[in-house]
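Each remark here refers to the structure printed beneath this line.
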Amino acid sequence: MKPTRILFVCLGNICRSPLAEGVMRAVAERAGHVNAILVDSAGTGDWHVGDPPDRRSIAIARAYGIDIANFRGRQVAAADFDAFDMILGMDGRNVCDLRERMPAAAHKVHLFMKYAMDRDDDVPDPYYETEEAFERLYQMLEAGCSSLLAKLGRAS
Ligand code: 4NP
């Protein structure tokens, strides 16, 4: 069966979405379903193109056995709206920006926590926050990604 292609999107592609990418892959690996998905991440902004993830995202991923140190930031491109089956924004602003950029693909764009867990919650931007915010971020992403994987399993 063809894998479901998932793009996680945040503002900078250095804090939330690279961690979501790493967590989603890890959750699928643990469940023995890594071949069921193809995951990537990108930012709506271009400030961090080519940069590694924020050191706090690298550290919290590492603490849970996930290596995202080699990821590099990139900006969402027009081709992504064809290349992915679902494009999951971390917060409402990401979702608005994505739908504005490609109105014809608006049906592929969803708020991550709403789509994954039916919870109308943003994944808050932790960039100006403390290390504890990255622990909360990890827990939120782990819960969301586990729920997303279960949802994909039910749909197949
Ligand atoms: P992210 O966090 O969207 O989760 O990657 C941010 C990273 C950088 C900036 C904002 C948010 N920035 O303004 O540079």
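As a basis for the values below, the full set of heavy atoms in this structure was taken, side chains included, without hydrogen atoms, waters or symmetry mates.
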Task: Qualifying residue, where the test is side-chain contact (heavy atoms from CB on, under 4.5 Å) with L148 and the options are M24, M117, M113 - done: M24

Open item on the list: Is any side-chain heavy atom of L137 closer than 4.5 Å to one of I60?
Closed with: no

Open item on the list: A quick test of your reading: do over 12 heavy atoms of other residues, nucleotides or ligands sit less than 6.0 Å from CZ of R62?
Closed with: no

TODO: Verify whether one side chain among N94 and D91 offers a donor that lies under 3.5 Å from an acceptor in the other.
DONE: yes

- [ ] Run the numbers on L11 and W47 for side-chain contact (heavy atoms from CB on, under 4.5 Å), then give the verdict.
- [x] CA-CA 9 Å; L11 185 58; W47 312 283; 3.5 Å; yes

Open item on the list: Could you see if V95 belongs to whatever hydrophobic cluster contains V123? Use Ile, Leu, Val, Met, Phe, Trp, Tyr and a side-chain cutoff under 4.5 Å.
Closed with: no

List the atom pairs, donor and acceptor, that lie under 3.5 Å between side-chain atoms in residues 126-136 and the rest of the protein, sequence neighbours left out.
residue	atom	partner	partner atom	Å
E135	OE1	Y64	OH	3.3
E135	OE2	Y64	OH	2.6
E135	OE2	Q139	NE2	2.7

- [ ] For R30, look at atom CZ and say whether over 12 heavy atoms of other residues, nucleotides or ligands are found less than 6.0 Å away.
- [x] yes

TODO: Tell me, please, whether Y115 has K151 positioned over its six-membered ring: NZ or CZ under 6.0 Å from the ring centre and within 45 degrees of its axis?
DONE: yes

Task: Same apolar cluster: L88 and L19, side chain cutoff 4.5 Å - done: yes

- [ ] Tell me whether V39 is reachable from V9 by hopping between hydrophobic residues (I, L, V, M, F, W, Y) whose side-chain heavy atoms are closer than 4.5 Å.
- [x] no

- [ ] Could you tell me whether the side chain of L152 reaches within less than 4.5 Å of the side chain of I6, counting heavy atoms only?
- [x] yes

TODO: Return yes if some donor-acceptor pair links the side-chain N/O of S147 with the main-chain N/O of A143 below 3.5 Å, else return no.
DONE: no

Open item on the list: Restricting to non-hydrogen atoms, name the atom on I37 and the atom on A28 that form the minimum distance, rounded to 0.1 Å.
Closed with: CD1-CB, 3.5 Å

Open item on the list: With a 4.0 Å cut-off on N to O distance, would you call E21 and R74 a salt bridge?
Closed with: no

TODO: Determine the minimum heavy-atom distance between D122 and M140, stating which atoms define it.
DONE: O-CE, 3.2 Å

Task: Within-4.5 Å side-chain heavy-atom neighbours: L141 and F112 - done: yes

Open item on the list: To the nearest 0.5 Å, what is the distance between CG on L7 and CG on L38?
Closed with: 11.5 Å

Task: side-chain contact (heavy atoms from CB on, under 4.5 Å) involving Q75 - partner list, sequence neighbours excluded - done: D46, V49, R101

Task: Minimal non-hydrogen separation, C10 against N13, with atom names - done: SG-N, 3.3 Å

Task: Hydrophobic cluster identity match, F8 and F84, side-chain contacts under 4.5 Å - done: no

Task: Shortest non-hydrogen contact from L98 toward I87 - done: CD1-CG2, 3.8 Å

Open item on the list: Run the side-chain contact (heavy atoms from CB on, under 4.5 Å) test on I66 and Y138 for me, step by step, so that the C-alpha distance in whole Å, both residues' side-chain angles and the decisive distance to 0.1 Å come before the verdict.
Closed with: CA-CA 11 Å; I66 302 169; Y138 180 87; 3.9 Å; yes

- [ ] Spell out, yes or no, whether L149 and M90 are grouped together once hydrophobic residues are joined by side-chain heavy atoms under 4.5 Å, including indirect joins.
- [x] yes

- [ ] Kindly indicate, with the supporting measurements, whether the criterion side-chain contact (heavy atoms from CB on, under 4.5 Å) is fulfilled by R25 and V34.
- [x] CA-CA 6 Å; R25 208 173 280 124; V34 73; 4.2 Å; yes

Task: Contact summary for P18 and F71, nearest pair of heavy atoms - done: O-CE2, 3.5 Å

Task: Residue pair F81 / A105: nearest heavy atoms and the distance that separates them - done: CD2-CB, 3.6 Å

